[in-house]
There are 2 protein chains.
Amino acid sequence: MTGAEKRRTARISQILDAAALCFVEMGFHRAGMAKIAARAKMSPGHIYHYFESKEAIIAAIVDRESAKAAERFAELDAVDSNELASVMTERAIQSIEEKTDILQSALNMEMLAECQRNPEIACIIQRHDKYIRDQLTHLIGNKIGLDLAEARTDMMMVQFSGLANRLLRNPDMDLSSMIALMRQTMQSILTPDTIGDHV
Amino acid sequence: MTGAEKRRTARISQILDAAALCFVEMGFHRAGMAKIAARAKMSPGHIYHYFESKEAIIAAIVDRESAKAAERFAELDAVDSNELASVMTERAIQSIEEKTDILQSALNMEMLAECQRNPEIACIIQRHDKYIRDQLTHLIGNKIGLDLAEARTDMMMVQFSGLANRLLRNPDMDLSSMIALMRQTMQSILTPDTIGDHV
DNA sequence: TTGATTTTAGAATGAACGTTCTATTTGTTG
DNA sequence: CAACAAATAGAACGTTCATTCTAAAATCAA
């Protein structure tokens, strides 16, 4: 990578990092380019050498955040088949405990709200969602070897997003009982004969 | 109710209805007062005779939409105890099938995004969430008479919000299999001995 | 009907915002 | 080092937006 290319990717990271912070704090449409630029330590005008518009920055953020989530699922492919079910369960619990994921949740809601009126954003989100779903279905069906892998995947994904949603609506909720609930539900989803054959 | 009072409440409804439509289509912060006023068939300035600011309109919308959701749960109090479990299940499925709830989802996401930076909105949402949760816990614990009512309530609420979330992320999803999944999960939640005693 | 009060319209205001433009600095290359 | 290209700053522009202000229309009371 040449010096120019290095600088370019560094600047783009600066912009995306700054934008992500601003978006979490103020939302996509109240975060101004001036604020983003100040945080990225460059002039507003300079941002336009790397991004065509503010919309392009939003799209890039959505893509990056979705890709992050997808990557974490992809890591599970390397886990041993016998341990996979318990590793997935622990990962799920871990994501509840980590405070950092609340920031992620903030962006998630912003993204979901946005994808209902911005087709480009909707497309990005759907692409990553499909990737995660395919990945999980493969893990559950082929590696763990359970039947009805798609139904189990959907249950799991409902569980994940539902939990994030509830933590936003009720931030004072008792985390430990939520974790117990999540552990049990995950085990139930990843156990044979739990799901009826009428699905 | 005097003529003046009638007119007043009519105008307020006009404004809230118009605002709700605008907010669904463009989001809280891109929907301009001019658009809302045009849709409510009055001048922008006139809106300020009924609402102190745009923020106040947002708060009123959040309150109204949350109250609508809470009301639908309150209706279940009148249902016969023996039928309650199946009525709740059918209600859940119905809410998946109704296309109108997608509009509701749009507003929900907007509201959840907003409540992360607007404490007043957060307060409104938390109040209604607590009301719904208490209501459900009462129904499950006292009317149906199941143990571990709080845990079952939380599972149910996770399920609900999770499903709405997933339908946004993957609008082409097969509804009938989702409904089958929901029916089974609801039955599982509302059946004794489903939940382990370590919760 | 007349006077008073409320309701309504619509233009005016001032701030904020996304974007563009011009100029300056920095870095690279022959 | 000189000359050119890329990077960067920051002011300027045009627009949009929430809000305010002024005045007209409508309603009501007596």
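Proteins come first, then strands; the chains are lettered A, B, ... in the order of their sequence lines, and each starts at number 1. Just so you know, these numbers use all the heavy atoms, side chains as well, and skip hydrogens, waters and symmetry mates.
- Atoms CE (B:Met33) and P (C:dA11) sit 17 Å apart, rounded to a whole Å.
- Between D:dA9 and A:Ser43, a contact under 4.0 Å exists linking OP1 or OP2 to a side-chain N or O.
- Closest-nucleotide positions on DNA chain C for A:Ala31 and B:Arg11 were compared, and the one nearer the 5' end corresponds to B:Arg11.
- By the 30° and 60° cut-offs, the orientation of the rings of A:His46 relative to A:His49 is tilted.
- In this structure, the CD1 atom of B:Ile58 is 14 Å from the P atom of D:dC17, given to the nearest Å.
- Heavy atoms of other residues, nucleotides or ligands lying less than 6.0 angstrom from CD of B:Glu90 number more than 12.
- Contact annotation for A:Ala40: no contact, since no heavy-atom pair falls under 4.0 Å across all strands.
- Atom CD in B:Glu5 sits roughly 17 Å away from atom P in D:dT27 (whole-Å rounding).
- Across all strands, B:Phe51 comes closer than 4.0 Å to no nucleic acid atom at all (heavy-atom distances).
- For the pair A:Phe23 CZ and C:dC17 P, the computed distance is 13 Å after rounding to whole Å.
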Quick one: do B:Glu65 and B:His128 satisfy side-chain hydrogen bond (donor to acceptor under 3.5 Å, both in side chains)? Show the steps, please.
-> CA-CA 10 Å; B:Glu65 296 300 316; B:His128 284 289; over 6 Å; no
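- Checking C:dT19, D:dA9, C:dA9 against the side-chain heavy atoms of A:Lys54 singles out C:dT19 as nearest.
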Would you tabulate the nitrogen or oxygen pairs shorter than 3.5 Å linking the protein to nucleotides 20-30 of chain C?
none

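- Taking both residues in full, the closest heavy atoms of B:Phe23 and B:Leu107 are given as CB-CD2, 4.0 Å, listed atom of the first, atom of the second, then distance.
- Rounding to whole angstrom units, CD of residue B:Gln14 and C1' of C:dA9 are separated by 14 Å.
- Distance OH (A:Tyr50) to P (D:dA6): 12 Å, rounded to an integer number of Å.
- Atom P of nucleotide C:dT7 and atom CZ of B:Arg8 are separated by 8 Å, given to the nearest angstrom.
- Residues A:Met186 and A:Phe160 share a closest heavy-atom pair of SD-CE1, 4.4 Å.
- The side-chain heavy atoms of B:Glu25 and B:Lys35, taken from C-beta on, include no pair separated by under 4.5 Å.
- At whole-Å resolution of the value, CZ in A:Arg30 and P in C:dG18 are 13 Å apart.
- Counting all heavy atoms, side chain and backbone alike, B:Ala70 lies closest to B:Ile132 at CA-CG1, 3.7 Å.
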